[in-house]
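In what follows, a structure is listed as structure tokens, so that the remarks can point back to it.
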Amino acid sequence: MYIRVSSPGSPLQDGDVDRIERDLEKLDRRLRRYEQVTAEVRINGDDGPATRRHVTLEIEYGRNHLVATADGADMGQAVREARDEILRQINDRSKGSHSEYSKGR
């Protein structure tokens with residue numbers, strides 16, 4: 001998986017990108033069968049006293065393009081929440097998923 005991380009207006013600390021890569025390993029394992037998987041992580045927020053991070057995670061694999069967002073005080077937790085939302089979307093798209101049964105397909 002190719003991962004691109006951007007954080008406009010707020011510099012990332014040493015090791016932040018490594019932690020994000022580790023948080024996205026679950027996605028990498030889930031999408032292993034696809035030849036090319038691209039993940040773009042955008043982190044917005046400031047370093048003020050009431051720090052809030054807004055994370056946007058975009059995943060492209062095959063003909064699919066998925067987007068998830070999450071907000072939180074902890075950047076890592078927001079990345080993991082966005083990752084879990086992407087995993088839910090992937091599961092909903094997979095054949096035989098619970099959502100297909102509930103939609104009557």
Side-chain angles (χ1 to χ4, degrees):
M1 175 186 317
Y2 172 75
I3 300 172
R4 182 175 46 221
V5 178
S6 64
S7 178
S10 178
L12 295 173
Q13 303 297 319
D14 292 339
D16 284 344
V17 175
D18 292 334
R19 282 189 291 277
I20 290 169
E21 288 176 351
R22 280 194 307 274
D23 288 339
L24 297 181
E25 284 176 356
K26 197 174 196 180
L27 271 174
D28 192 31
R29 287 191 303 270
R30 178 69 168 85
L31 299 172
R32 184 168 287 153
R33 69 182 179 149
Y34 292 93
E35 197 170 303
Q36 184 171 347
V37 178
T38 303
E40 182 173 343
V41 181
R42 286 188 304 278
I43 303 161
N44 295 314
D46 58 7
D47 292 330
T51 302
R52 292 293 290 173
R53 301 286 186 205
H54 178 77
V55 173
T56 303
L57 174 59
E58 290 189 49
I59 300 289
E60 291 187 26
Y61 65 98
R63 294 181 178 180
N64 300 295
H65 179 233
L66 304 175
V67 178
T69 61
D71 294 301
D74 179 56
M75 178 183 62
Q77 183 175 354
V79 169
R80 289 186 295 277
E81 285 179 25
R83 175 205 63 199
D84 291 345
E85 173 60 21
I86 292 287
L87 286 169
R88 186 199 59 75
Q89 291 178 35
I90 291 169
N91 290 336
D92 284 352
R93 289 172 173 250
S94 66
K95 187 174 181 177
S97 70
H98 174 62
S99 293
E100 286 184 9
Y101 289 115
S102 65
K103 293 177 184 174
R105 292 185 183 165

Checklist entry - Who pairs with D28 by side chain to side chain donor-acceptor pair (under 3.5 Å), at least two apart in sequence or on another chain? => result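 With sequence neighbours excluded, D28 shows a side chain to side chain donor-acceptor pair (under 3.5 Å) to no residue whatsoever.
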Next on the checklist: Let me confirm one number: the CZ-OG distance from R53 to S7, rounded to the nearest 0.5 Å.
Outcome noted: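 If we round to the nearest 0.5 Å, R53:CZ and S7:OG are 6.0 Å apart.
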Checklist entry - Nearest heavy-atom pair of A68 and A82: which atoms, and what distance? => result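 Residues A68 and A82, closest heavy atoms: CB-O, 3.5 Å.
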Checklist entry - So which heavy atom on A78 is nearest to which on A70, and how close? => result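 So the minimum-distance heavy-atom pair works out to O-CB, 3.3 Å.
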Item to check | ring pair (Phe, Tyr, Trp, His ring centres under 6.0 Å) contacts touching residues 63-89 (sequence neighbours left out) | outcome: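 Every candidate ring pair (Phe, Tyr, Trp, His ring centres under 6.0 Å) pair involving residues 63-89 fails, so no pair, neighbours aside, qualifies.
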Checklist entry - Which other residues belong to the hydrophobic cluster containing M75, where Ile, Leu, Val, Met, Phe, Trp and Tyr are joined when side-chain heavy atoms lie under 4.5 Å apart, directly or via other members? => result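 Answer for M75: M1, I3, V5, L12, V17, I20, L24, L27, L31, Y34, V37, V41, I43, V55, L57, I59, Y61, L66, V79, I86, L87, I90.
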Checklist entry - Got a sec, which residues hit side chain to side chain contact (heavy atoms under 4.5 Å, CB included) with D18, two or more places apart in sequence or on another chain? => result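 D18 satisfies side chain to side chain contact (heavy atoms under 4.5 Å, CB included) with E21, R22 once adjacent residues are dropped.
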Checklist entry - What pairs meet the salt bridge (charged side-chain N to carboxylate O under 4.0 Å, His left out) rule with one or both residues in residues 57-66, with sequence neighbours excluded? => result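 Of all non-adjacent pairs touching residues 57-66, those that pass salt bridge (charged side-chain N to carboxylate O under 4.0 Å, His left out) are R42-E58.
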Item to check | Residue pairs involving residues 68-86 (criterion side-chain hydrogen bond (donor to acceptor under 3.5 Å, both in side chains); sequence neighbours excluded) | outcome: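 Qualifying pairs: D23-R80, H54-D71, Q77-E81, E85-R88, E85-Q89.
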